[in-house]
Peer 1: 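Okay, handing you the structure first.
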Amino acid sequence: MLNGIGSSVLRNLISAGSSVNTAVNSKATQSNLQAEASTKVTFSEASEAIAAIYKIVPAQVQNSGAIGSNIQAQLNAAAQAGGVGMSGIGSSLLSNVLQNRDNVTLSVPATESSGATNGSQSAVALTVTTQSGIQVSLQMTRQQGGLVVELNTSGGKLSNDEATAISQLSDGLQKALDGLDASSTQLDIADLMKFDSSQLKSVDLKTDLRNGDNVTQSLNLHADDKERWLGFHNGDVSIKLDTDVSKLTQAGSADQQAAALDQWSTKFDQAAARGHGDRTMLNLFKDSFRALNTTEGQASHSVNTQRVISIDANAAKNGAISGLADFSASYQQTPRSGNPYKPEEQDTFSLDVAQQTRSQQHSDTQDLTQDTLFKLKASFHTALDSDGDAKLTALKSSQNYRYHLINDEERSQTSVSQNKKGELAAQTTQQITQHETVKSYQQAKLIDSVEIPHSEKSVTAHQYARALFESAI
C-alpha cells in the first residue's frame, strides 16, 4: 500500500451514523500536517517581473537586432492575437539562441485592428538561470500601446551547451502558452519540468492576462533543484502547488511514481463525484500535480549514487512509502451563488493535500515517518426528489431542493524502522473522518436537516528485507 492512498476511498453514499474502527494499538501519533502551499505560493500579478513588464511603453521601444522574414511575420501576427501565446514568437527567439546570442528587442505599435484595442492586455516573463550564473530573460507584452518582445542575456556569455539547453526549452514554453490560450484551458507544463539540470539551475515562467485592471488569468511557475511551485488562477479556479525536490532519495522508480500519482488522480475524481466538483477545472489541477510530482529522472540517479542503505531510499525501493517527493497543494473553485432566492447558499469545492517525510539516524538504526493529508470541503444543491441538479430561480415556488455541506479529512502516517542489516518494519495508521449535512427545503421552508457522520481507522504492518540496488553509476 502506498502511504496516504490505500484501499479506503471517499464514499459517494455513506450511512447515517456509521462508524468503523479496525485499529490496533499503534505507537504512531497523527501529525498536524497542513497544506502550506495555500499560503506559500503567490500568483504572478503580485510579482515584480510582471509589474515591470507592464511599465514598458511600446511607443518608446526601438527595434534592435536583425529581424528575419519569419520573425517579422510572427511579430505582426502576435500584435493582432489575444492571449499569451504571442503567435510563437518567444519560442522562436529561444530556439534561435544557439545561432544568435545577441540581445533582441522587437516592437510593433498598436493599430485600430490590433487585439490590444479591446482592453485586453497580456504579459509573459520567462527567466532562465544557468549553473554558471548567467541569466536569460524573455519578456513579452501586448497592451494598448502595442507589442514588445525582448530577449536579454546578462552575467556573461552563454557556452554552446548552455545555449543548447536554453533552445531546448522553446517547445515546452510554447506548449505551456498554447495550453493557457486554448478554448478549454490546459496547464501543459510537463516539458518545462524536464530541462537539462546539468546546464540550467532554474526556470521561472510568469504569465498574466487581464482586461483593464481585472486579472482574468495568471500563472506563476518555478523549478530548480530544490523546489518546484505553481500558482494559477482564472475566473473559475485557484490552484497552488509546492513540491520539495531536495530529498530525492525518498523518490521511487518511474513505475512506482506513476502508480502513486494514478491513485491520487483517482482520489481527486472520487472527491469530485462526492462534492460535485467541476471536472474540467479539476483536470488542470491533476495535470499540474502530476507534472510537478514526477521526478523519476532525477530520482534514479539519486537512489543509485547516494546513500543506498539510507532508510528513505530503502523504504522507497521496497514500496513502504509513496515514492513521491514531499508536496503541498490546494485547489479551490470560485464560489458560485447557486440559488438566486438565497444567494448566501453558495456552491463550493476545495481540496487540500500534502505529504511530509522525516527521518532520523541512530547508532545502528534509522527511523522514518511519512504523513499524508487529504481534505475535501464542498457545498452544492440537488433536486429534492433526486440527485440531479436543482432548478432554482428567484421565485419561491422553485425552492424545492436539498443543500449539501461536506467536510471530509483523511490522514495517514507510515512509521518505518530500519535495523543495522537494512531490514525494515513499517506500520501505517489511516484515519478517515467524513461529515455531510443535508438540508431539505420545500417551498423555501426547511423540512428536514440530516447529519451524516462516518469515521474509520485502520492500522497495517509489513516487514521488508533490505532492498537490492543497481550498482552506482
Side-chain angles (χ1 to χ4, degrees), residues 1 4-23 30 32-35 263-279 281-282 285 330-339 341-354 372-392 398-413 428-460:
M1 180 178 68
I5 301 190
S7 59
S8 297
V9 297
L10 295 175
R11 293 162 173 78
N12 291 327
L13 296 174
I14 53 181
S15 303
S18 62
S19 179
V20 178
N21 191 330
T22 59
Q30 295 299 304
N32 293 319
L33 177 63
Q34 300 296 325
Q263 289 191 321
W264 276 109
S265 183
T266 298
K267 208 170 185 62
F268 299 148
D269 287 337
Q270 291 166 341
R274 175 164 163 77
H276 287 215
D278 185 323
R279 297 299 186 103
M281 291 300 105
L282 187 63
F285 179 69
S330 65
Y331 169 91
Q332 183 172 4
Q333 290 176 199
T334 302
R336 307 292 186 192
S337 294
N339 186 355
Y341 188 83
K342 295 178 68 178
E344 68 274 14
E345 283 184 352
Q346 293 187 320
D347 292 338
T348 64
F349 183 88
S350 67
L351 297 172
D352 289 291
V353 298
T372 59
L373 167 71
F374 183 95
K375 294 175 69 173
L376 163 66
K377 288 189 176 181
S379 56
F380 55 90
H381 298 79
T382 60
L384 184 60
D385 55 356
S386 72
D387 289 332
D389 294 335
K391 308 298 182 182
L392 301 174
S398 73
Q399 298 297 297
N400 305 298
Y401 65 96
R402 290 191 176 97
Y403 186 52
H404 303 251
L405 299 122
I406 291 176
N407 189 354
D408 295 343
E409 180 174 292
E410 178 178 336
R411 290 183 180 272
S412 178
Q413 183 176 87
T428 297
T429 303
Q430 189 175 54
Q431 176 73 56
I432 297 174
T433 305
Q434 297 175 317
H435 192 274
E436 181 175 5
T437 301
V438 183
K439 297 181 178 181
S440 300
Y441 293 86
Q442 191 169 48
Q443 296 288 301
K445 181 181 179 180
L446 179 66
I447 60 173
D448 193 19
S449 181
V450 179
E451 304 289 326
I452 310 175
H454 173 83
S455 64
E456 180 177 341
K457 184 177 182 180
S458 63
V459 179
T460 57

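Being a predicted model, the structure only gives us computed values, none of them experimental.
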Peer 1: Go through the steps to decide whether Thr433 and Glu456 satisfy the test side chain to side chain contact (heavy atoms under 4.5 Å, CB included), and finish with yes or no.
Peer 2: CA-CA 7 Å; Thr433 305; Glu456 180 177 341; over 6 Å; no
Peer 1: Roughly how far apart are Ile432 CD1 and Glu409 CD, rounded to 0.5 Å?
Peer 2: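 Answer for the CD1-CD pair, Ile432 versus Glu409, is 11.0 Å.
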Peer 1: How long is the gap from CD on Glu345 to CG on Leu392, to the nearest 0.5 Å?
Peer 2: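 Interatomic distance, Glu345 CD to Leu392 CG, rounded to 0.5 Å: 8.5 Å.
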Peer 1: Are the charged groups of Arg274 and Asp408 less than 4.0 angstrom apart, N to O?
Peer 2: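 Judged by the 4.0 Å cut-off on N to carboxylate O distance, Arg274 and Asp408 do form a salt bridge.
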Peer 1: Side-chain contact test, heavy atoms from C-beta onward, threshold under 4.5 Å: evaluate it for Thr428 versus Ser412 and give yes or no.
Peer 2: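 In short, these two side chains touch, coming nearer than 4.5 Å.
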Peer 1: Is there a side-chain contact between Gln434 and Ile406 in this structure, where contact means two heavy atoms from C-beta onward sitting under 4.5 Å apart?
Peer 2: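 A side-chain contact under 4.5 Å is absent here.
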Peer 1: Let's go through Tyr401 and Tyr341 carefully: what are the C-alpha distance in whole Å and the side-chain angles of both, what is the deciding distance for side chain to side chain contact (heavy atoms under 4.5 Å, CB included) to 0.1 Å, and is it a yes or a no?
Peer 2: CA-CA 12 Å; Tyr401 65 96; Tyr341 188 83; over 6 Å; no
Peer 1: Quick one: which of Asn400, Asp448, Thr382 gives a side-chain contact (heavy atoms from CB on, under 4.5 Å) with Ser440?
Peer 2: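 Checked Asn400, Asp448, Thr382 against Ser440; only one passes side-chain contact (heavy atoms from CB on, under 4.5 Å): Asp448.
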Peer 1: Cation over ring, Lys377 on Phe349, under 6.0 Å and within 45°?
Peer 2: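 Geometry flag: not set, cation outside 6.0 Å or 45°.
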Peer 1: Of all heavy-atom pairs between Pro343 and Ser337, which one has the smallest distance, and what is that distance?
Peer 2: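 Of all heavy-atom pairs spanning Pro343 and Ser337, the closest is O-OG, 3.1 Å.
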Peer 1: Are the side chains of His381 and Asn339 in touch, meaning some heavy atoms are under 4.5 Å apart?
Peer 2: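 Yes; the side chains approach each other to less than 4.5 Å.
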Peer 1: If we ignore hydrogens and angles and just use 3.5 Å, is the side chain of Ser330 paired with the main-chain N or O of Asp352 as donor and acceptor?
Peer 2: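 Such a contact is absent between Ser330 side chain and Asp352 backbone.
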Peer 1: Just checking, any donor-acceptor pair under 3.5 angstrom between side chains of Thr437 and Glu451?
Peer 2: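 Per modelled atom types, Thr437 and Glu451 side chains form a pair under 3.5 Å.
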Peer 1: Nearest 0.5 Å, please: how far is OG in Ser386 from CZ in Arg402?
Peer 2: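 Arg402 atom CZ to Ser386 atom OG measures 8.5 Å (nearest 0.5 Å).
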Peer 1: Run the numbers on Arg336 and Thr334 for side chain to side chain contact (heavy atoms under 4.5 Å, CB included), then give the verdict.
Peer 2: CA-CA 6 Å; Arg336 307 292 186 192; Thr334 302; 3.9 Å; yes
Peer 1: Any sub-3.5 Å donor-acceptor pair from Ser350's side-chain atoms to Gln332's backbone N or O?
Peer 2: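 A pair under 3.5 Å: no.
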Peer 1: Looking only at non-hydrogen atoms, find the nearest pair between Asp278 and Tyr331 and report the distance.
Peer 2: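 Of all heavy-atom pairs spanning Asp278 and Tyr331, the closest is O-OH, 3.7 Å.
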Peer 1: Without swapping roles, check the side chain of Arg411 against the backbone of Leu33 for a donor-acceptor pair under 3.5 Å.
Peer 2: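 Pair found, side chain donor or acceptor close to backbone of Leu33.
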Peer 1: Please report the interatomic distance CH2(Trp264) to CG(Leu351), rounded to the nearest 0.5 Å.
Peer 2: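 Interatomic distance, Trp264 CH2 to Leu351 CG, rounded to 0.5 Å: 10.0 Å.
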Peer 1: Please report the shortest heavy-atom distance between Ala354 and Gln34, naming the atom on each side.
Peer 2: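 Scanning both residues completely, I find the closest heavy atoms to be CB-O, 3.8 Å.
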Peer 1: Examine the side chains of Thr348 and Ser379 and answer whether a donor and an acceptor come within less than 3.5 Å of each other.
Peer 2: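 Yes, side-chain donor-acceptor contact under 3.5 Å.
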Peer 1: Answer with yes or no whether the side chains of Gln346 and Tyr403 bring together a donor and an acceptor at under 3.5 Å.
Peer 2: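 Gln346 and Tyr403 do not have a side-chain donor-acceptor pair below 3.5 Å.
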Peer 1: Can you tell me if CG on Asp389 sees more than 12 non-hydrogen neighbours from other groups inside 6.0 Å?
Peer 2: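 Atom CG in Asp389 is not packed in, count stays at 12 or less.
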Peer 1: Do Val353 and Leu373 have side-chain heavy atoms sitting under 4.5 Å apart?
Peer 2: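 Val353 vs Leu373: side chains apart.
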Peer 1: The test is side chain to side chain contact (heavy atoms under 4.5 Å, CB included); show your working for Leu446 and Lys439 and say whether it passes.
Peer 2: CA-CA 7 Å; Leu446 179 66; Lys439 297 181 178 181; 3.9 Å; yes
Peer 1: Under 3.5 Å, is there a donor-acceptor pair between the Glu410 and Gln430 side chains?
Peer 2: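 Result is yes, a qualifying pair exists.
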Peer 1: Measure across Ala272 and Leu282 and return the closest heavy-atom pair with its distance rounded to 0.1 Å.
Peer 2: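 Looking at all heavy atoms of both residues, the closest pair is CB-CD2, 3.6 Å.
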Peer 1: CD of Gln443 to CD of Gln399: how many Å apart, nearest 0.5 Å?
Peer 2: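 Rounded to the nearest 0.5 Å, the CD-CD separation comes to 9.0 Å.
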Peer 1: Quick check for you: to the nearest 0.5 Å, what is the distance between Ser455 atom OG and His435 atom NE2?
Peer 2: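 Ser455 atom OG to His435 atom NE2 measures 11.0 Å (nearest 0.5 Å).
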